[in-house]
Amino acid sequence: MRLNENVLLLGKKVVLVPYTSEHVPRYHEWMKSEELQRLTASEPLTLEQEYSMQQSWREDADKCTFIVLDAEKWQAQPSTTEESCMAGDVNLFLTNVGDPSLGEIEVMIAEPSCRGKGFGTESVLMMMSYGLTKFEAKIGQGNEPSIRMFQKLHFEQVAVSSVFQEVTLRLTMNEHERQWLLEQTSHVEEKCYRDGSSESH
């Protein structure tokens with residue numbers, strides 16, 4: 001999405017940066033994992049297909065994708081590459097043309113050493129501050145850690161599909177939820193992002 005192509009979001013645990021071609025090789029390596037394919041309901045792609053997918057996501061007005069970086073690694077040394085700090089990705093899809101306030105949110109913490117550290121939680125909270133009022137998450141029935149994380153973020157189960165083996169969770173933002181979200185993300189800084197680096201990294 002062009003909306004976020006120059007945006008870097010700096011949190012406590014994670015840094016969100018736009019998905020660029022520099023991230024594709026590492027992302028492609030992750031997606032060779034059968035476990036990740038199963039958890040994300042994804043098919044394996046060739047490297048060329050992955051580059052095409054990255055480009056289409058960048059151009060698509062209905063998708064907002066950030067790569068999740070480990071903030072501690074990223075801030076350790078100015079020469080650190082983003083690729084070496086990659087932890088996963090977080091996406092927001094505007095899936096319902098009849099309801100532009102509804103977004104489907106997805107998060108994948110692909111790097112095993114980064115799981116269970118709150119990276120997914122902070123990434124979702126940061127993405128939710130993009131101003132929509134309704135969020136959905138569709139998660140494979142066997143992905144208990146992800147289901148628990150979204151429930152912890154106040155999402156409620158609204159449907160189960162035995163055909164697709166997935167659970168749909170939803171959160172509708174009211175004033176109380178909006179205030180809670182503001183408290184959870186008050187530390188987040190938005191910075192300018194240009195071609196693989198931020199102005200202050």
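All figures in this text were calculated on a predicted structure; none of them were measured in a lab.
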Please examine the side chains of [Y] and [X], heavy atoms only from C-beta on, and report whether any two atoms are closer than 4.5 Å.
| X | Y | value |
| --- | --- | --- |
| Asp70 | Trp74 | no |
| Arg58 | Glu5 | yes |
| Val15 | Leu8 | yes |
| Ile109 | Val68 | yes |
| Pro44 | Met31 | no |
| Trp30 | Leu36 | yes |
| Leu69 | Val17 | yes |
| Phe66 | Tyr19 | no |

Nearest atoms (heavy-atom pairs only) where [X] meets [Y]:
| X | Y | result |
| --- | --- | --- |
| Ser42 | Thr40 | OG-OG1, 2.7 Å |
| Ser21 | Tyr51 | O-CE2, 3.6 Å |
| Ser162 | Gln165 | O-NE2, 2.7 Å |
| Thr46 | His28 | C-CE1, 3.4 Å |
| Ala71 | Gly11 | CB-O, 4.4 Å |
| Leu94 | Pro100 | CD2-O, 4.4 Å |

[Y] reachable from [X] in the ILVMFWY side-chain graph, under 4.5 Å edges:
| X | Y | value |
| --- | --- | --- |
| Val124 | Trp180 | yes |
| Met53 | Ile67 | yes |
| Tyr27 | Leu47 | yes |
| Val188 | Leu181 | yes |
| Val7 | Leu125 | yes |

Got a sec, which pairs hit salt bridge (Lys or Arg N to Asp or Glu O under 4.0 Å) with one end in [range], sequence neighbours left out?
| range | value |
| --- | --- |
| residues 168-182 | Glu136-Arg170 |
| residues 109-127 | Arg26-Glu111, Glu35-Arg115 |
| residues 90-102 | Asp99-Lys134 |

task: Please lay out, stage by stage, how Gln141 and Val160 fare under the test side chain to side chain contact (heavy atoms under 4.5 Å, CB included).
output: CA-CA 8 Å; Gln141 284 178 312; Val160 176; 2.9 Å; yes
[X] [atom1]: over 12 foreign heavy atoms closer than 6.0 Å:
| X | atom1 | answer |
| --- | --- | --- |
| Glu183 | CD | yes |
| Glu48 | CD | no |
| Glu156 | CD | no |

Rounded to the nearest 0.5 Å, how far apart are [atom1] of [X] and [atom2] of [Y]?
| X | Y | atom1 | atom2 | value |
| --- | --- | --- | --- | --- |
| Met127 | Thr185 | CE | OG1 | 13.5 Å |
| Ser84 | Lys73 | OG | NZ | 7.0 Å |
| Glu166 | Thr168 | CD | OG1 | 5.0 Å |
| Leu10 | Gln75 | CG | CD | 5.5 Å |
| Ile105 | Leu132 | CD1 | CG | 8.5 Å |
| Leu16 | Ser123 | CG | OG | 5.0 Å |

message: Looking only at the side chains, is there a donor atom on one of Gln54 and Glu50 sitting less than 3.5 Å from an acceptor on the other?
response: no
- request: Could you please spell out the steps behind the side chain to side chain contact (heavy atoms under 4.5 Å, CB included) verdict for Phe135 and Leu92?
  value: CA-CA 9 Å; Phe135 298 95; Leu92 188 61; 4.1 Å; yes
field: Under the side chain to side chain donor-acceptor pair (under 3.5 Å) test, residues paired with Asn143 that sit two or more places apart
entry: none
field: With sequence neighbours excluded, residues passing side chain to side chain donor-acceptor pair (under 3.5 Å) with Glu190
entry: none
Donor-acceptor pairs under 3.5 Å, side chain of residues 146-153 to any protein atom, not counting sequence neighbours: which ones?
none

query: Short question: side chain of Gln55, backbone of Ser52 - any donor-acceptor pair under 3.5 Å?
result: no
message: side chain to side chain contact (heavy atoms under 4.5 Å, CB included), that's the test. Do Glu43 and Gln37 meet it? Break it down for me.
response: CA-CA 6 Å; Glu43 295 293 322; Gln37 290 172 24; over 6 Å; no
task: Specify whether Trp57 and Phe93 have parallel, tilted or perpendicular ring planes, treating 30° as the upper limit for parallel and 60° as the lower limit for perpendicular.
output: perpendicular
field: Candidate pair Met86 and His23, rule side chain to side chain contact (heavy atoms under 4.5 Å, CB included), full reasoning
entry: CA-CA 8 Å; Met86 285 173 62; His23 304 120; 3.8 Å; yes
